[in-house]
Amino acid sequence: MIEPLPYLATGVFAGLASGLLGVGGGLIIVPVLYFIFSAQNLPAEHVMHMALATSLATIIITSLSSGYAHHKKQAVLWPVFLLLAPGICAGAWFGGIAASEIKTALLKPAFGFFELFVAMLLLLNHKSKQHYIRINKLKSAAGGFVIGMVSAIVGIGGGTLTVPFLHWHNIAIRNAVATSAACGLPIAVFGAASYVYAGWSVSNLPEQTLGYIHLPAFIFIIVTSFLFAPVGARLAHRLPESTLKKGFAVFLILIGLKMLFF
């Protein structure tokens, strides 16, 4: 019997965070699923891979919603998206395959360090500087590959990396955020697909999985995250942004430290 409550609660927090701060739910979904799967005594050597894969699968749905919302506002730069997409797809596939070969004992602290890195950016209120350097095919291919690879390895939609990359290359922050939201779809699709492929022949995975994707967790998370992201967006207009960022940064620090030391 699958207990849905932990997964539903995970989706609530991920949706609220996404709506409040515009950050991907992967920063919450991955560590929470790791702890849930561990508490359920699922195979210890696969819990991190399952958490990453399931997080990317949920991002397929959320990126469709957010990307379409930005598209309606005519903020997505589709020519830039098309420049980045081939590198992103290749990088996300490679990142998922590579992560599947890395043991949970190494993936877990790597994700913990990434959480601390994002928390530091939030606490310092870091904003990427805009340089008058135009993006070209070579830079977009290389940048897209790195963005896709890192995102698949840590189970996120890539906004933490894509937005500063685009803003650096002379793209206004509004368009960078919108185009980054659209880029989350190929990251999630190819990243999740690579985890399905890598986990397809693994024999000791639990039932109700598709490769490394835990299907019940995926279904319950997308339901509540989809419902609560608009709630977070409405709250964002009522609460001070600096307080929200600092509070979320502290939360990420606690999760990051727990991933590193417990």
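Side-chain contact check for I171 versus T179: every heavy-atom pair is 4.5 Å or farther apart. By the 4.5 Å heavy-atom criterion applied to side chains, P43 and P206 are counted as neighbours.
In this structure, the separation between OH on Y34 and OG on S55 is 16.0 Å, given to the nearest 0.5 Å. Distance check: F228 CZ to L8 CG gives 9.5 Å after rounding to the nearest 0.5 Å. Interatomic distance, F94 CZ to I153 CD1, rounded to the nearest 0.5 Å: 7.5 Å. The structure places CD1 of I213 at 6.5 Å from CD1 of I60, a figure rounded to the nearest 0.5 Å. Between atom CD of residue Q40 and atom CG of residue L33 there is a gap of 9.0 Å, rounded to the nearest 0.5 Å. Distance CD1/I255 to CD/E115: 5.5 Å, rounded to 0.5 Å.
Under the rule for a side chain to side chain contact (heavy atoms under 4.5 Å, CB included), the partners of I61 that lie at least two apart in sequence or sit in another chain are F218, I222.
Listed by first then second residue, pairs satisfying ring pair (Phe, Tyr, Trp, His ring centres under 6.0 Å) with a partner in residues 185-208 read W93-Y197, not counting sequence neighbours. Residue pairs meeting the ring pair (Phe, Tyr, Trp, His ring centres under 6.0 Å) criterion with at least one partner in residues 52-83, sequence neighbours excluded, are H71-W78, W78-F81.
Considering every non-hydrogen atom in both A217 and F37, the closest pair reads CB-CZ, 4.3 Å. Closest non-hydrogen pair, G157 versus I187, comes out as O-CD1, 3.2 Å. Residues T162 and S180 share a closest heavy-atom pair of CB-OG, 3.5 Å. S194 and I97 make their closest contact through O-CD1, 3.6 Å (heavy atoms, listed as atom of the first residue, atom of the second, distance). Here the closest non-hydrogen pair linking S151 and G158 is OG-CA, 3.2 Å. Nearest heavy-atom pair across Y212 and S100 is CE1-OG, 3.9 Å.
A donor-acceptor contact shorter than 3.5 Å is absent between the side chain of N175 and the backbone of L77. A donor-acceptor pair under 3.5 Å is absent between the side-chain atoms of T209 and the main chain of L205, judged by distance alone. Not a single donor-acceptor pair under 3.5 Å links the side chain of S140 to the backbone N or O of L84.
Around atom NZ of K139, more than 12 heavy atoms belonging to other residues, nucleotides or ligands sit under 6.0 Å away. In the displayed structure, F35 atom CZ is contacted under 6.0 Å by more than 12 heavy atoms of other residues, nucleotides or ligands.
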Using residues 9-16 as the side-chain source, report each donor-acceptor pair under 3.5 Å to any protein atom, sequence neighbours left out, with the distance given to one decimal.
| from | atom 1 | to | atom 2 | distance (Å) |
| --- | --- | --- | --- | --- |
| T10 | OG1 | P6 | O | 2.7 |

Kindly list each side-chain donor-acceptor pair under 3.5 angstrom involving residues 116-123, sequence neighbours excluded, with atom names and distances?
none

Just distance, no hydrogens or angles: give the donor-acceptor pairs under 3.5 Å from side chains in residues 45-54, sequence neighbours left out.
| from | atom 1 | to | atom 2 | distance (Å) |
| --- | --- | --- | --- | --- |
| E45 | OE2 | N204 | ND2 | 2.7 |
| H46 | NE2 | N204 | OD1 | 2.9 |
| H49 | ND1 | E45 | O | 3.3 |
| H49 | NE2 | A99 | O | 3.2 |
| H49 | NE2 | I102 | O | 2.7 |
| T54 | OG1 | M50 | O | 2.7 |
| T54 | OG1 | H214 | N | 3.0 |

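F226 and I156 are not part of a single hydrophobic cluster, where members link through side-chain heavy atoms under 4.5 Å apart. A continuous path of ILVMFWY side-chain contacts below 4.5 Å connects L83 to V146, so both sit in one hydrophobic cluster.
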